[in-house]
Amino acid sequence: MNAIGANTWIWVSPLTDERLAEIAPHVRDLGFDAIELQVENPGDWDPGRAAELLQEHGLRATLCAVMPPGRDLLTSPDEIAATQAYLRHCVDVARRIGAGAIGGPIYSAVGRTWLLDADGRRRTIARLVEALRPVADYAGEQGVRLGLEPLNRFETSLINTAEQALEVVELVGSTALGLLLDTFHMNIEEKSSAAAIRLAGSHLVHFHACGCDRGSPGHDHIDWEAIAGALREIAYDDPICIESFRSENTIIAAAAAIWRPLAPSPDALATDGLSFLRSLLAAPLLQGSR
Ligand code: LER
Ligand code: MN
């Protein structure tokens with residue numbers, strides 16, 4: 001069965017060494033196998049200390065890159081260079097904490113949307129491929145994979161679907177570059193989340209699970225049996241992480257448009273989601289799930 005993780009944004013933002021020292025044992029006590037950390041600002045927390053802490057508590061690590069305004073692979077040369085340096089730093093952090101992949105919308109700032117005609121889109125994707133290739137090469141050298149994450153149309157206009165992400169993956173042509181799929185975004189953008197997972201196939205390097213309202217997975221209208229069936233079909237065996245946020249963490253809450261509590265408490269969100277995912281993944285595969 002896949003390792004199940006929780007991201008620390010369910011509880012805090014930004015992450016610090018002190019906060020991680022409290023949350024890691026808590027996440028372990030709640031029953032998770034993995035914890036997802038984020039590099040909001042390099043230096044917020046120390047990767048060496050985090051590696052020791054996660055080892056002490058027997059937690060696997062997963063890592064997300066964060067793309068606020070100003071972090072972008074499609075803007076000015078200076079901003080692109082700084083973003084490439086940031087992503088290389090994330091690769092180093094992933095390596096240090098033992099995360100096999102870093103995921104996120106590693107192409108453009110979250111919330112930046114603009115209209116492109118077919119020709120403009122072709123040129124923009126070509127620029128993205130040029131900017132991503134050296135980062136993917138570096139990740140490959142370090143033995144870390146990158147998961148390009150499609151986001152919903154309100155968070156980006158560039159890559160909304162698995163098919164669009166795969167186009168970039170194929171053009172970059174590096175085995176280090178794959179996809180991160182997130183049930184929240186797929187529920188908005190894909191005709192079938194299960195079909196998107198099957199399309200990603202062996203390129204899927206990480207997976208975010210949360211309800212259609214960004215709360216706990218389960219007890220919502222997402223077709224979880226079909227998703228579990230597709231993940232099994234493509235033999236996805238890396239972690240599945242619950243990704244959610246709370247309105248108290250104002251910067252990330254505004255980026256993800258979290259305006260109300262999504263559960264009675266962060267712990268309730270995490271534990272409800274964990275027990276749902278464990279029983280989902282343990283259940284026999286339903287025939288014909290789409
Ligand atoms: C990041 O993984 C994500 O899914 C975004 O929606 C965060 O704004
Ligand atoms: Mn996500």
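Every number for a ligand or one of its atoms is a count from 1 in the order of the listing.
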**Asked** Does Tyr107 reach the main-chain N or O of Val168 with its side chain, forming a donor-acceptor pair under 3.5 Å?
**Response** no

I'd like the atom name of the N/O/S atom in [X] lying closest to the Mn ion (ligand 2).
| X | answer |
| --- | --- |
| Glu243 | OE1 |
| Asp182 | OD2 |
| His208 | ND1 |
| Glu149 | OE2 |

**Request:** Run down the list Glu155, Glu149, Glu36 and name the one with the heavy atom closest to atom 5 (C) of ligand 1.
**Result:**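 Comparing heavy atoms across Glu155, Glu149, Glu36, the nearest one to atom 5 (C) of ligand 1 lies in Glu155.
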
**Asked** Has Arg214 got its NZ or CZ under 6.0 Å from the middle of the six-membered ring of Phe245, at an angle within 45 degrees of the ring axis?
**Response**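 The answer is no, since Arg214 fails at least one limit relative to Phe245.
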
**Asked** In this structure, which one of Leu37, Leu53, Thr16 forms a side chain to side chain contact (heavy atoms under 4.5 Å, CB included) with Trp45?
**Response** Leu37

**Request:** Return yes when Arg214 approaches ligand 1 closer than 4.0 angstrom through a heavy atom, no otherwise.
**Result:**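 Within the 4.0 Å threshold, so yes.
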
**Request:** Check His206 against ligand 1 and report side chain, backbone, both or neither, counting heavy atoms closer than 4.0 Å.
**Result:**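 Neither part.
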
Only heavy atoms of [X], strictly under 4.0 Å: list the atoms of ligand 1 that pass.
| X | result |
| --- | --- |
| His208 | 2 (O) |
| His185 | 3 (C), 4 (O), 5 (C), 6 (O) |
| Asp182 | 4 (O) |

**Message:** Can you confirm whether the side chains of Asp72 and Thr83 place a donor and an acceptor under 3.5 Å from each other?
**Reply:**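 Short answer, no.
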
**Asked** Taking atom types as modelled and ignoring hydrogens, do the side chains of Glu170 and His203 form a donor-acceptor contact shorter than 3.5 angstrom?
**Response** no

**Asked** According to the interplanar angle, ranging from 0 to 90°, do the rings of His219 and Phe276 count as parallel (below 30°), tilted (30 to 60°) or perpendicular (above 60°)?
**Response** tilted

**Asked** Aromatic rings Trp11 and His26: how do their planes relate, parallel, tilted or perpendicular, breaks at 30° and 60°?
**Response** perpendicular

